[in-house]
Amino acid sequence: MDVVVCVKHVPETAEAELRIDKTGKAIEKTSLVFDINEWDDYALEEAVRIREKQGGTVTVITVGAQDSESTLRKCLARGADTAIRLTDPKFENSDAYAIAKILHSAIKNLHYDLILLGAQAGDDGSAMVGPILAEMLNIPHATMTKKIELNTGTAKVNRELEGGLEEQLEIKLPALFAVQTGINEPRYVSIMGIRKAMQKEIKVMGLADTGLTEADVGPAGSWTTIEKLYVPPVEKQAEFLKGTPEEIATKIADIVKSRGLI
Amino acid sequence: MAKIFVLVEHRQGRLRDITFEMLTKANELTEKTDAETTAVLLGNNIVEHAKTLTEYAKTVLLVQDPKLENFNSEAYRKILAKLITEHKPSLVMMGHTSYGIELAPRLATALGTPLATDCLDLTFEADGLAVTRQMYGGKVNVKAMLRKAETYMTTVRQATFTAEKPATPPNGQIAEVPSLLTEEIAEKRFLQYVLPPSGGVDITAAEKLIGIGRGIKDQTNMSMIEELAKTLGAVLACSRPIVDKGWLPSDRQVGSSGKTVKPKLYLALGISGAFQHVLGMKSSDLIIAVNKDPKAPIFSFADYGIVEDLFKIVPALKGKIYELKGQKA
Ligand SMILES: Cc1cc2nc3c(=O)[nH]c(=O)nc-3n(C[C@H](O)[C@H](O)[C@H](O)COP(=O)(O)OP(=O)(O)OC[C@H]3O[C@@H](n4cnc5c(N)ncnc54)[C@H](O)[C@@H]3O)c2cc1C
Ligand SMILES: Nc1ncnc2c1ncn2[C@@H]1O[C@H](COP(=O)(O)O)[C@@H](O)[C@H]1O
């Protein structure tokens with residue numbers, strides 16, 4: 001099984017304070033810590049497990065600036081065999097559609113039985129690169145994948161629906177699956193893995209290597225362009241309880257008691 | 001006449017809420033632009049659904065085929081590509097649901113139609129379609145423009161538009177169109193629906209819930225929260241990452257891919273308030289949230305907010321409740 005995994009290098013924002021930059025079209029990124037997109041972590045783990053069971057190779061690929069190298073290194077340390085970084089100033093401000101085109105330009109020349117992605121990128125949350133790529137490669141796909149069972153020539157996959165329900169599908173290989181969190185438990189990086197990863201080479205490709213033109217990528221090649229970012233309007237704001245932890249605890253307990261819940 | 005297509009979502013014999021939410025939004029848009037709302041309904045033996053939809057849309061395009069018994073994105077793609085090419089709607093709306101996510105990007109690519117996903121709002125402007133979306137887990141809103149085109153495609157977020165029956169019923173017409181599917185989709189077959197095994201606790205029945213999120217950091221911290229729950233007489237629920245890590249079984253998950261709960265008290269500890277989580281708990285009677293990030297979206301849904309380290313609040317609160325219960329006894 002040769003598996004290609006698409007990974008994105010994204011800022012961790014759950015606990016960070018975000019500021020909109022001077023252009024009004026992006027956030028300030030200098031103080032943010034970047035890492036592999038949460039969903040892609042599960043995709044990579046799934047690929048490595050498949051390789052461990054069945055043999056074959058795992059290739060990770062990203063479209064990103066030079067600093068996305070750290071995410072690729074991490075993937076190599078976690079068990080990927082080879083890595084490709086697609087970097088070009090012209091790729092900047094590509095939306096998910098343009099990114100899918102760039103990924104397609106490189107992946108179409110690789111041998112693969114399976115392509116794994118994350119269900120969505122934590123930054124733009126488009127949830128569209130996977131199915132677009134599958135259409136361009138003309139292979140079947142499934143998104144929101146919670147379970148993959150490989151057989152000869154086909155895969156049985158569980159897709160997550162709403163409210164805890166899942167559907168099971170049978171899909172012909174080669175195929176593309178966008179995985180949902182919880183499909184597995186991603187492993188930690190081992191010291192051995194890090195050492196091995198240092199020796200592996202990362203292939204770098206630019207616009208000229210992709211066969212695409214400037215019109216295909218960046219804002220020109222995108223479906224959407226960002227006009228502005230803004231802080232979501234708050235319709236309602238909680239009443240904040242202040243004081244020492246002891247005082248706050250008393251306030252909470254009193255509120256809960258006043259509702260007859262203690 | 002310009003048209004707006006709404007792809008009807010239904011499963012296991014039921015029209016899903018998102019359908020009516022989209023139809024309401026489509027009607028609002030068509031009112032302003034003299035376009036017409038068309039509900040596009042694909043399935044098998046679904047005339048009853050079509051009849052219901054005539055109360056919401058001017059036209060119901062109906063395609064029935066035993067091969068459409070269950071949703072199949074490839075079957076839908078083939079049929080919709082033809083319908084969209086023929087009717088040239090100005091806008092195609094689908095839910096940003098498991099079905100819409102599976103289908104829309106691939107269909108848009110095949111048709112060369114610009115697509116924006118997970119939209120919170122849509123407006124036709126002079127230069128084309130403007131959409132409101134979110135980035136960074138809901139911490140930032142975005143206004144984006146779609147590349148100018150004859151047809152735009154969007155997926156819209158669930159529970160964002162309020163479904164309303166039109167004041168003047170459109171008395172829609174049902175237009176049945178033959179299915180063009182000649183054979184089963186061989187590369188992608190529906191096998192069955194699967195319900196994950198139950199963990200034995202029904203969080204939807206609990207009066208008091210403590211919802212825990214990634215902020216609890218480590219599994220060893222669970223015992224501290226369990227003690228609080230025990231003292232308070234509350235049941236533990238959680239956000240998705242807690243289930244993904246295997247710290248609680250999946251039937252404790254609150255949110256769009258979990259349960260919808262409406263307890264008398266929802267105490268959220270270390271939960272950021274991502275839309276998918278909030279969808280499952282925002283109707284709780286009393287919401288109290290503890291989060292050390294003052295900007296956490298959960299504070300827009302909570303009645304009371306505490307910007308603090310949860311590990312300082314939890315033991316203090318446990319002590320207080322213990323005291324109060326003692327007084328009562
Ligand atoms: C298709 C789809 C379906 C989904 N369905 C669901 C669903 O049903 N339910 C669901 O919950 N999620 C769902 N999600 C995931 C959702 O998008 C969020 O990723 C998730 O809800 C985040 O969980 P969280 O708030 O626990 O974690 P985070 O977003 O990481 O937030 C952790 C919070 O804890 C706070 N914190 C950290 N340490 C402390 C401390 N010591 N004291 C106080 N606060 C602290 C942080 O400030 C932060 O706000 C879904 C996602 C997708 C794409
Ligand atoms: N720049 C990128 N480089 C490589 N893979 C990407 C990139 N952007 C998105 N992806 C992949 O596509 C998935 C879905 O992203 P999105 O459609 O942007 O929400 C991610 O989880 C990644 O697997």
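For the numbers below, each heavy atom of this structure counts, side chains included, while hydrogens, waters and symmetry mates do not. In what follows, chains are A, B, ... by sequence order, proteins preceding strands, each numbered from 1.
Two residues are said to be in side-chain contact when any heavy atoms from C-beta on lie closer than 4.5 Å; B:Thr132 and A:Tyr230 meet this criterion. In this structure, the side chains of B:Leu232 and A:Val256 come closer than 4.5 Å at one or more pairs of heavy atoms. Taking 4.5 Å as the limit, some side-chain heavy atom of B:Tyr99 sits within range of a side-chain heavy atom of A:Leu161. Side-chain contact between B:Asn141 and A:Pro233 is present, with heavy atoms from C-beta onward closer than 4.5 Å. Side-chain contact check for A:Glu135 versus B:Pro105: every heavy-atom pair is 4.5 Å or farther apart. You'll find the side chain of A:Arg159 reaches within 4.5 Å of the side chain of B:Ser98, heavy atoms only.
Between B:Glu323 atom CD and A:Thr250 atom OG1 the span is 7.5 Å, to the nearest 0.5 Å. Rounding to the nearest 0.5 Å places OG of A:Ser126 at 8.5 Å from NE2 of B:His96.
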Do B:Leu115 and A:Tyr97 pass the side chain to side chain contact (heavy atoms under 4.5 Å, CB included) test, and can you show the C-alpha distance, the side-chain angles, and the key distance before you say yes or no?
CA-CA 9 Å; B:Leu115 164 71; A:Tyr97 176 57; over 6 Å; no
Given A:Ile252 and B:Lys320, is the side chain to side chain contact (heavy atoms under 4.5 Å, CB included) satisfied, shown in steps?
CA-CA 9 Å; A:Ile252 300 175; B:Lys320 277 291 166 246; over 6 Å; no
A:Arg259 vs B:Leu265, test: side chain to side chain contact (heavy atoms under 4.5 Å, CB included). Steps then yes/no.
CA-CA 9 Å; A:Arg259 303 273 181 129; B:Leu265 168 66; over 6 Å; no
For the pair B:Tyr136 and A:Asp123, evaluate side chain to side chain contact (heavy atoms under 4.5 Å, CB included) and give the outcome as yes or no after the intermediate values.
CA-CA 5 Å; B:Tyr136 306 107; A:Asp123 53 359; 3.5 Å; yes
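Proximity to chain B is limited to the side chain of A:Leu18, based on heavy atoms less than 4.5 angstrom apart. Proximity to chain B (any heavy atom under 4.5 Å) is shown, for A:Glu246, by both the backbone and the side chain. With a 4.5 angstrom heavy-atom cutoff, A:Lys242 does not touch chain B via any of its atoms. For a residue to count as touching a neighbouring chain, one of its non-hydrogen atoms must lie under 4.5 Å from one of that chain's; by this rule A:Pro11 touches chain B with the side chain only. Within the 4.5 angstrom heavy-atom criterion, atoms from both the backbone and the side chain of A:Ala127 approach chain B. Both the backbone and the side chain of A:Leu241 come within contact range of chain B, judged by heavy atoms closer than 4.5 Å. Contact of A:Ala220 with chain B is made through the backbone alone, with heavy-atom distances under 4.5 Å. Using a 4.5 Å cut-off between heavy atoms, B:Lys208 touches chain A through its side chain atoms alone. Neither the backbone nor the side chain of B:Thr231 comes within contact range of chain A; no heavy atoms are under 4.5 Å apart. Contacts between B:Gln253 and chain A at a heavy-atom distance below 4.5 Å are absent for every atom of the residue. For B:Ala274, no part lies under 4.5 angstrom from a heavy atom of chain A. Looking at B:Ser256, only its backbone comes within 4.5 Å of chain A, counting heavy atoms on both sides. In this structure, the portion of A:Ser222 lying under 4.5 Å from any heavy atom of chain B is its backbone and not its side chain. Residue B:Lys245 touches chain A through its backbone alone, counting heavy-atom pairs closer than 4.5 Å. Only the backbone of A:Ile139 comes within less than 4.5 Å of a heavy atom in chain B; its side chain stays farther off. The contact between A:Ala142 and chain B is made by backbone and side chain atoms together, counting heavy-atom distances below 4.5 Å.
Heavy-atom pairs under 4.5 Å with chain A peak, among B:Met135, B:Lys143, B:Arg147, at B:Lys143. In terms of heavy-atom pairs under 4.5 Å with chain A, the best-connected choice from B:Thr117, B:Leu191, B:Asp309 is B:Leu191. Taking chain A as the reference chain and counting heavy-atom pairs below 4.5 Å, the highest number among B:Glu308, B:Glu74, B:Arg16 is found for B:Arg16. Highest contact tally toward chain A, considering only B:Ala116, B:Gly215, B:Ala144, is held by B:Ala144 [criterion: heavy-atom pairs under 4.5 Å]. Ranked by heavy-atom pairs under 4.5 Å with chain A, the first of B:Ile313, B:Leu195, B:Leu286 is B:Leu286. Interface remark: of the candidates B:Thr97, B:Asn72, B:Ile288, B:Val307, B:Thr97 forms the most heavy-atom pairs closer than 4.5 Å to chain A.
The closest donor-acceptor contact from the side chain of B:Arg240 to the backbone of A:Gly182 lies at 3.5 Å or more, if one exists at all.
Summarising the local packing, NZ of A:Lys236 is surrounded by more than 12 heavy atoms from other residues, nucleotides or ligands at distances under 6.0 Å. By the 6.0 Å contact criterion, NZ on A:Lys172 is open, its count of non-hydrogen atoms from other residues, nucleotides or ligands being 12 or less. Remark: A:Asn151 CG is packed, more than 12 non-hydrogen atoms of other residues, nucleotides or ligands lying under 6.0 Å away.
Using a 4.0 Å cut-off between charged nitrogen and carboxylate oxygen, A:Glu167 and B:Lys188 do not count as a salt-bridge pair. Between B:Arg214 and A:Glu38 there is a salt bridge, since a side-chain N of the basic residue sits under 4.0 Å from a carboxylate O of the acidic one.
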Atom pairs and distances, donor-acceptor, side-chain atoms in residues 293-304 of chain B, under 3.5 Å, two or more places apart:
residue: B:Asp293; atom: OD1; partner: B:Lys295; partner atom: N; Å: 2.8
residue: B:Asp293; atom: OD2; partner: B:Lys139; partner atom: NZ; Å: 3.1
residue: B:Ser300; atom: OG; partner: B:Pro297; partner atom: O; Å: 3.3
residue: B:Asp303; atom: OD2; partner: B:Ile287; partner atom: N; Å: 2.7

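Counting only residues at least two apart or on different chains, the salt bridge (Lys or Arg N to Asp or Glu O under 4.0 Å) pairs with a member in residues 136-148 of chain A are A:Lys146-A:Glu160.
In terms of heavy-atom proximity, B:Ala316 sits nearest to A:Pro245 at CB-O, 3.8 Å. Closest approach of B:Val194 to A:Gln168, counting heavy atoms only: CG2-CB, 4.1 Å. The minimum heavy-atom distance linking B:Lys325 with A:Ile262 is given by the pair CG-CG2, 3.7 Å.
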